[in-house]
Structure formats: C-alpha cells, structure tokens
Amino acid sequence: MRISDNPVHLAGKPLTQACHACAFFHTDEEKYRVLLPFILEGVERGDLAAHIVNPAQRAAHLARLAQAGVDTDAAQAQGQLAVRSWDETYLQDGKFDQQRMIATLLALIAPANAPPGTISRNIADMAWSPGARPDAHDIVEYEARLNQVLPEHHNPIVCTYDLTHFSADVVIDILRTHPMVIIGGILQENPFFVPPAEMLKELDARRLAGTTPASAVR
C-alpha cells in the first residue's frame with residue numbers, strides 16, 4: 001500500500017510518501033507525546049503496529065498504550081500489536097549483526113503481514129544498554145544499509161534516539177542516515193540526509209583511517 005493512498009499523520013504532519021525517520025528525544029514524556037497520536041491513529045484504522053523496545057521497559061510501554069485507550073491484550077492476541085524486545089531483534093544471541101537485523105526487520109514490516117487497506121506502523125527504540133551496544137560505526141552503518149533494502153513504498157519506520165545516551169558526533173551521523181527527522185516534536189524532510197552508497201563509502205574511509213568513534217555512549 002502506498003502511504004499517499006491514505007495519509008498517515010506523524011509528529012504534526014501528514015505523510016504522503018514512505019518514511020524512514022530518526023526521532024530525537026530527551027525524555028520518555030517527550031517521546032510519547034509525539035508518538036502516541038501516530039500509534040492511536042493506527043489502532044483506530046486497524047493498522048498493524050510493530051514496536052521494538054527495551055526489555056526492561058516493555059511493561060511500562062504497554063502501560064502507556066493502555067492508559068491512552070489501547071486494549072493491549074486484545075491487540076496482541078489479534079496480531080494487531082507486536083511488541084518485541086532488543087533481545088528478540090537487535091541483540092539476538094547477545095550481539096548485534098547488521099544483516100540479521102535487517103532481515104528480521106524486513107520480515108516484521110512485510111506488507112503481506114497487514115490486512116488489505118492497512119499498513120504497519122513501526123517504532124524502534126535505539127537506546128540499547130551500554131553494556132550490549134555495538135560501536136557507533138555499526139549503528140550508523142546499519143541505518144545506512146537499511147535505506148538500500150527498504151522497498152520504495154515501505155511502511156513508516158521511526159527510529160527513536162535518546163539524546164542523553166549518544167555523543168554529538170554520533171547523533172550527527174545518525175541524522176545523516178535518515179531521509180526524514182523529528183526534532184522538537186516536528187517531522188521534516190532531512191536536508192542533511194546522505195544517500196546510503198555515499199554514506200557507506202565515507203564510513204569505510206573513516207574506518208581505514210582509524211577515525212571512527214569507538215562508542216556511541218556519551
């Protein structure tokens with residue numbers, strides 16, 4: 001389904017095209033204030049929802065949805081809502097594998113999963129625990145490679161980043177790997193986006209030069 005057939009509203013704006021966005025937040029309150037309307041609109045329309053969350057916050061995430069009026073038990077039982085933890089997605093076997101995660105995400109958001117006339121609305125919390133987080137290069141490279149394999153008319157994907165967990169140089173690189181960005185609660189086309197082939201070439205050059213940050217953590 002093309003987004004333009006039935007505009008999706010995200011962070012104050014209607015989407016008329018496929019969306020891979022990074023969203024930067026300082027607090028959970030700020031994050032849910034922006035994302036809950038997007039989630040609730042999908043529930044009302046019968047869209048699917050795939051949320052990747054911190055396993056320690058899974059219960060709190062479901063509680064937020066329930067407080068907003070979502071029958072989370074029924075939605076999960078009916079297959080409308082899938083809440084997956086980092087351990088089931090990004091950090092299977094305790095480690096991050098870019099290609100495995102890309103395959104996992106593509107299977108999770110496959111259009112065939114959604115009933116006719118609906119889409120999937122996908123949110124991924126990227127603030128992995130420092131003890132398990134890969135180096136910054138792997139995170140940025142993953143986001144760039146994802147742009148190469150997403151279908152042209154893919155469903156919306158919002159990658160959320162807690163600004164208290166990432167250094168400024170890593171945030172800039174993450175920004176450059178997303179065609180759209182949510183800053184200050186507003187969605188906009190990203191003027192700093194770098195095409196994936198160009199970004200991957202730059203990352204390879206940095207790695208060879210030994211200038212890649214060793215960690216994403218502040």
Side-chain angles (χ1 to χ4, degrees), residues 8-15 19-43 49-70 72 83-87 89-91 96 101 105 121-144 146-147 156-194 199 212-218:
V8 170
H9 295 85
L10 172 62
K13 290 190 176 181
L15 295 178
C19 174
H20 176 208
C22 55
F24 298 109
F25 303 110
H26 287 95
T27 66
D28 282 346
E29 291 300 326
E30 181 185 1
K31 178 174 70 174
Y32 283 101
R33 184 167 61 249
V34 172
L35 296 181
L36 273 175
F38 168 71
I39 295 169
L40 295 176
E41 179 184 76
V43 171
H51 300 169
I52 300 176
V53 301
N54 180 341
Q57 295 179 348
R58 188 179 188 277
H61 178 72
L62 289 170
R64 290 263 190 178
L65 300 187
Q67 289 168 6
V70 179
T72 56
V83 180
R84 300 287 182 264
S85 71
W86 296 335
D87 298 337
T89 52
Y90 292 104
L91 302 176
F96 177 63
M101 182 55 209
L105 183 63
R121 299 177 183 232
N122 310 287
I123 299 171
D125 180 354
M126 302 295 289
W128 310 336
S129 59
R133 186 182 298 154
D135 66 31
H137 180 280
D138 280 347
I139 296 175
V140 175
E141 188 174 72
Y142 160 77
E143 293 281 26
L146 184 58
N147 290 317
I157 301 170
V158 183
C159 304
T160 68
Y161 286 87
D162 184 335
L163 287 169
T164 65
H165 285 259
F166 294 89
S167 60
D169 56 341
V170 174
V171 168
I172 290 171
D173 276 345
I174 289 166
L175 176 64
R176 296 172 70 211
T177 61
H178 289 79
M180 304 191 80
V181 58
I182 298 172
I183 297 180
I186 302 298
L187 177 72
Q188 57 189 303
E189 290 191 24
N190 183 5
F192 303 105
F193 174 66
V194 177
M199 189 69 191
T212 299
S215 173
V217 187
R218 283 184 182 272

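Scope of the values below: all heavy atoms of this structure, side chains included, with no hydrogens, waters or symmetry mates. It should be emphasised that the depicted structure is a prediction, and the values quoted were computed from it without experimental measurement.
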Worked check of side chain to side chain contact (heavy atoms under 4.5 Å, CB included) between V171 and Y161 | CA-CA 9 Å; V171 168; Y161 286 87; over 6 Å; no
Can you tell if the side chain of I139 reaches within under 4.5 Å of the side chain of V170, non-hydrogen atoms only?
-> no
For the atom pair CD (E30) and CG (L35), what is the distance rounded to the nearest 0.5 Å?
-> 10.0 Å
Cation-pi between R121 and F38: NZ/CZ under 6.0 Å from ring centre and within 45° of the ring axis?
-> yes
With distance as the sole test, does N122 use its side chain to make a donor-acceptor pair with the main-chain N or O of P156 at under 3.5 Å?
-> yes
To the nearest 0.5 angstrom, please state how far the CG atom of L146 sits from the SG atom of C159.
-> 7.0 Å
In chain order, what residues pass the side-chain contact (heavy atoms from CB on, under 4.5 Å) check against A144, with sequence neighbours excluded?
-> T177, M199, L200
Does I39 reach the side chain of I123, with side-chain heavy atoms less than 4.5 Å apart?
-> yes
To the nearest 0.5 angstrom, please state how far the CD atom of E41 sits from the CG atom of L10.
-> 9.5 Å
In plain terms, say whether K13 and E189 are close enough for a salt bridge, that is, a side-chain N and a carboxylate O under 4.0 Å apart.
-> no
Hey, could you give me the OG1/NE2 distance between T89 and H51, rounded to the nearest 0.5 Å?
-> 13.0 Å
Just wondering, do E143 and H20 contact through their side chains at under 4.5 Å, heavy atoms?
-> yes
Find out whether V43 and L65 are in side-chain contact, i.e. whether some heavy atom of one side chain is under 4.5 Å from a heavy atom of the other.
-> no
So do W86 and I52 actually touch side chain to side chain, heavy atoms under 4.5 Å?
-> yes
How far does CG of L105 sit from CD1 of I157, to the nearest 0.5 angstrom?
-> 5.0 Å
Pair F25-D162, side chain to side chain contact (heavy atoms under 4.5 Å, CB included): steps then yes or no | CA-CA 5 Å; F25 303 110; D162 184 335; over 6 Å; no
Going by atom types only, do D169 and S167 share a side-chain donor-acceptor pair under 3.5 Å?
-> yes
Would you say N54's side chain and A127's backbone share a donor-acceptor pair under 3.5 angstrom?
-> no
Are H61 and Y32 an aromatic pair by the rule of ring centers under 6.0 Å?
-> yes
Among M126, H178, R176, whose side-chain contact (heavy atoms from CB on, under 4.5 Å) with C22 holds?
-> H178
Decide yes or no for P179 and N190: does some side-chain heavy atom of the first lie under 4.5 Å from some side-chain heavy atom of the second?
-> no
For the atom pair NE2 (H137) and CD (E141), what is the distance rounded to the nearest 0.5 Å?
-> 4.5 Å
Is the distance between the ring centroids of F24 and F166 less than 6.0 Å?
-> no
